[in-house]
Number of protein chains: 2
Amino acid sequence: MTLKKDITIYDIASKLELSSSTVSRALRNNPSISKKTIDKIQKAAKEMGYRPNKLAASLRGNKTKTIGVLISKIERPFLSSLISGIEVKAQESGYNVIIAQSHDSYEDEVNLAKTLYSNRVSGVICSLAMDTKDTSHFQQFIDKGIPLVFVDRVPRDFNTFLVMIDNFSAGYKATKHLIEQGCKRIAHFTGSQLRYIYSERKRGYIAALKDYNLPLDESLICYFDNLSYKEGEKITTELLSRENPPDGIFATNDTSAVAAIKAAKKMNVKIPEDLAIIGFNDDPIATIIEPQLSTGTHPAVKMGVISATKVLEYLKKPKNQDFMEITLLNTDIIVRESSKRK
Amino acid sequence: MTLKKDITIYDIASKLELSSSTVSRALRNNPSISKKTIDKIQKAAKEMGYRPNKLAASLRGNKTKTIGVLISKIERPFLSSLISGIEVKAQESGYNVIIAQSHDSYEDEVNLAKTLYSNRVSGVICSLAMDTKDTSHFQQFIDKGIPLVFVDRVPRDFNTFLVMIDNFSAGYKATKHLIEQGCKRIAHFTGSQLRYIYSERKRGYIAALKDYNLPLDESLICYFDNLSYKEGEKITTELLSRENPPDGIFATNDTSAVAAIKAAKKMNVKIPEDLAIIGFNDDPIATIIEPQLSTGTHPAVKMGVISATKVLEYLKKPKNQDFMEITLLNTDIIVRESSKRK
DNA sequence: TTGTAAGCGTTATCAA
DNA sequence: TTGATAACGCTTACAA
């Protein structure tokens, strides 16, 4: 097996009888090099099959042009779209994206943060694991001036960039919509209250009930462990078996909402007449289920692009990072069959 | 903004009055260093907050411990699961995963391959863009002894690792299943015939028809551009409007199959009685649609793990890479409501 | 068991 | 406009 050797700037330099620094500059179109030399060098580089060694450049410049993305699970539609947005934006600017999945484990998240650091990523974009309380493992990035963006599942108390939707308003809108459809007893599916996004949506839910003079029944607030389909089925079945079942459900994700639809149908509960349901995220399943699921939009790709943009902008002109910049995106309710009573 | 300086092995060395090489070795538990020294060094490293600079190590060792993944779009459930499998396996072995999306564009694929090369990835795992004909942009990896694995959408004529399911058999089984349900006129939704996976499934479909003495009606083979929901809707509607419509559909992906179900329902065609449908991939939507979609399994996570394993094994003991190693995974038919007539 | 020194491929500084 | 040289932080012969 004879491997082709890597061509370096030295190879080009010696072939053209120039110095390596001239070659280096020419390849980056440095204006101090004459047009003629630049052309000659770039031509030779192409012919010889030169490929810059980004490793060496990174080491030298102490910047990797790499964005580390730390999320729970790629398979979640919201997260894969988020990554897609990040990747597109990063690519545009010549940055690479490296992916790390915490699988919603705090320990993994801590270790992966270390790994990203060791890899000297230029910036980090993170959506927290479900049960992360302590976020001190992110301090290392701040200490080094590495831009850090939390997206969607953000911590409550960390001074950095946050990108998320207006979750309070989202919860409020979704609940208001159900109220407008005539719902009087609205259940709410929520996730870990450590996660701001869930507690805020819940707060929006509560505020809407209050504004419309509906009593708050704590027993209708269902705290999920992982917002899975299975959990959604189980809890819906339980809810609908009660003496005084709800007539509406605002689920904080589509997976549990779809499970609710299926469970309700199995129990012959009419949707939306007897039970109006709205989810959140607008996952692909929302339009597949019958009746189609009303939901709140969660602009994943856009959030990815914005997150990456924050990182890239910061890298261009770093500021004191002892601040918090929150980007709140608007969210809309998409009304589909599962909640449309009129 | 005062940034913490990076601690290097030199900092540790001078603090402990040792040499940098001793520190370097101790940090990697090199047996030639005394237990006592190792402990002392590792303790100091921890206290001082040392983080290895992988960049420097990579440059020195000319290996990055990074696997480049080149795929069309992360959002596809099959691909995000594939990546997940790759990431988990890579993580285990201390490798990073960098993601590049071609968005099914041949030009992007060529450029991204270059970028991955410039980043000196240790290995590459790729699922081709829909319309990639020429695969010479991958030769650079072979020339350098960088392990290259094609997964799922593989080229026809490239000597390297291939990981895929037995697509011929998959197509055969799916078709056979429909025949066994009594279908006589089975339509087939297929993708670009440049992609082996689609042409092989089609070959399986044709072989099954032949084995069961059903005539092959070329007009029932539908060539899709992108296998999207929209395309599926349109083509199904057209098919069912014919004088002599099909009584079964074998769709090469679930998206188009689900679209077919929806379109058929809209036209009051009974599923599975009048039209039995089977898809492929077992995407999440398959169990959400009603009737639930029969489909062929596509073990994405497993394929990811295997692909990563091939890369890692090769890196452990490189061989002559002028060979082809095909890993064919088995696939099963999951019979659900959309095709179960008895 | 530990130390010295060279080198990985760039880029930046200074000098010519 | 170009060249010589040092440096980025690590690993690894080779020497002690």
Side-chain angles (χ1 to χ4, degrees), chain A residues 3-42 44-45 48-66 94 115 117-122 144, chain B residues 3-42 44-45 48-66 94 115 117-122 144:
Chain A
L3 302 180
K4 285 197 190 160
K5 247 201 62 204
D6 266 334
I7 306 293
T8 73
I9 52 172
Y10 285 100
D11 297 323
I12 302 177
S14 66
K15 174 149 184 197
L16 299 182
E17 299 190 310
L18 285 165
S19 78
S20 64
S21 34
T22 304
V23 174
S24 170
R25 287 189 268 249
L27 290 172
R28 281 167 303 133
N29 289 305
N30 185 311
S32 74
I33 306 290
S34 75
K35 184 83 177 62
K36 216 178 94 194
T37 313
I38 289 189
D39 288 346
K40 192 169 62 179
I41 289 176
Q42 295 196 344
M48 300 170 70
Y50 169 77
R51 290 302 178 71
N53 185 328
K54 291 207 180 165
L55 237 43
S58 294
L59 177 60
R60 174 60 224 241
N62 202 32
K63 50 179 167 352
T64 52
K65 293 208 143 206
T66 295
T115 307
Y117 183 94
S118 289
N119 278 287
R120 299 299 191 271
V121 291
S122 298
K144 284 283 302 171
Chain B
L3 301 180
K4 285 198 190 158
K5 246 202 61 204
D6 266 334
I7 306 293
T8 72
I9 52 172
Y10 287 99
D11 298 323
I12 301 178
S14 66
K15 175 150 184 197
L16 299 182
E17 298 190 312
L18 285 166
S19 77
S20 66
S21 45
T22 302
V23 174
S24 169
R25 286 189 268 251
L27 290 171
R28 282 168 302 132
N29 289 304
N30 184 312
S32 74
I33 306 291
S34 76
K35 185 83 177 62
K36 215 178 94 194
T37 315
I38 290 189
D39 287 346
K40 192 169 64 180
I41 290 176
Q42 295 196 345
M48 300 171 70
Y50 169 76
R51 289 303 178 72
N53 186 326
K54 292 208 179 167
L55 237 45
S58 293
L59 177 59
R60 171 61 223 239
N62 202 32
K63 50 179 174 327
T64 52
K65 292 208 145 208
T66 294
T115 307
Y117 183 94
S118 289
N119 277 287
R120 299 299 191 270
V121 292
S122 297
K144 284 285 300 168

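Numbers restart at 1 for each chain; the letters A, B, ... are given by sequence-line order, proteins then strands.
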(Q) Below the 4.0 Å mark, does C:dT10 have OP1 or OP2 next to a side-chain nitrogen or oxygen of A:Tyr50? (A) yes
Q) Rounded to whole angstrom units, what separation is found between the NZ atom of B:Lys144 and the P atom of C:dC8? A) 13 Å
Q. CG of A:Asn30 versus P of C:dT13: gap in Å, rounded?
A. 12 Å
Q) Is the phosphate of D:dT12, meaning OP1 or OP2, less than 4.0 Å from a side-chain N or O of B:Arg28? A) yes
(Q) How many whole angstroms separate atom CG of A:Asp11 from atom P of C:dC8? (A) 11 Å
Q) Just how far, in rounded Å, is C1' of C:dT11 from CG of A:Leu27? A) 12 Å
Q. Taking OP1 and OP2 of D:dG3, is either one under 4.0 Å from a side-chain nitrogen or oxygen of A:Ser19?
A. yes
Q: Answer with yes or no whether A:Ser21 presents, from its side chain, a donor or acceptor under 3.5 Å of a partner atom in the base of D:dA4.
A: yes
Q: Check every strand shown and say whether A:Ser34 touches a base, only sugar-phosphate, or nothing at a heavy-atom separation below 4.0 Å.
A: sugar-phosphate
Q) Could B:Lys35 and B:Asp39 be called an ion pair, given the rule that one side-chain N must be under 4.0 Å from one carboxylate O? A) yes
Q) Is B:Thr8 touching bases, backbone alone, or none of the nucleic acid, heavy atoms closer than 4.0 Å? A) sugar-phosphate
Q: Classify the nucleic acid contact of B:Leu55 as base, sugar-phosphate or nothing, counting any heavy atom under 4.0 Å across all strands shown.
A: nothing
Q. How many angstroms lie between CD1 in B:Ile12 and OG1 in B:Thr22, if you round to the nearest 0.5 Å?
A. 12.0 Å
Q) Using a cut-off of less than 4.0 Å, is there contact between a side-chain N or O of B:Ser24 and OP1 or OP2 of D:dC10? A) no
Q. Is a donor on one side and an acceptor on the other found under 3.5 Å between the side chain of A:Ser24 and the backbone of A:Ser20?
A. no
Q: Determine the contact category for A:Thr37: base if any of its heavy atoms lies under 4.0 Å from a base atom, sugar-phosphate if only primed atoms, P, OP1 or OP2 are that close, otherwise nothing.
A: sugar-phosphate
Q) Does A:Arg60 get its side chain close enough to the base of D:dG9, under 3.5 Å, for a donor-acceptor pair? A) no
**Q.** B:Ile9 CD1 to D:dT11 P, straight-line distance once rounded to whole Å
**A.** 6 Å
Q | Whether A:Thr66 side chain and A:Val121 backbone form a donor-acceptor pair below 3.5 Å | A | no
Q) Between B:Ile33 and B:Thr37, what is the shortest heavy-atom contact and its length? A) CG2-CB, 3.7 Å
**Q.** N/O donor-acceptor pair, side chain B:Tyr10 with base D:dC10, under 3.5 angstrom
**A.** yes
Q.
Regarding A:Arg51 and A:Asp6, does a basic nitrogen lie under 4.0 Å from an acidic carboxylate oxygen?
A. no
Q. Once you round it to whole Å, what is the distance between P of D:dA7 and NZ of A:Lys63?
A. 19 Å
Q) Within this structure, what is the CG-to-P distance between B:Asn62 and C:dC8, rounded to whole angstrom? A) 10 Å
(Q) Both B:Ser32 and A:Pro52 contact DNA chain C. Which one's nearest nucleotide lies toward the 5' end? (A) B:Ser32
Q: Please check the phosphate of C:dG3 (OP1 and OP2 only) for any side-chain N or O of B:Thr22 closer than 4.0 Å.
A: yes
Q: Report yes or no: is there a donor-acceptor pair, N or O only, under 3.5 Å between the side chain of B:Arg25 and the base of C:dG3?
A: yes
Q: Let me know the distance between CG of A:Asn29 and P of D:dT2, rounded to the nearest Å.
A: 13 Å
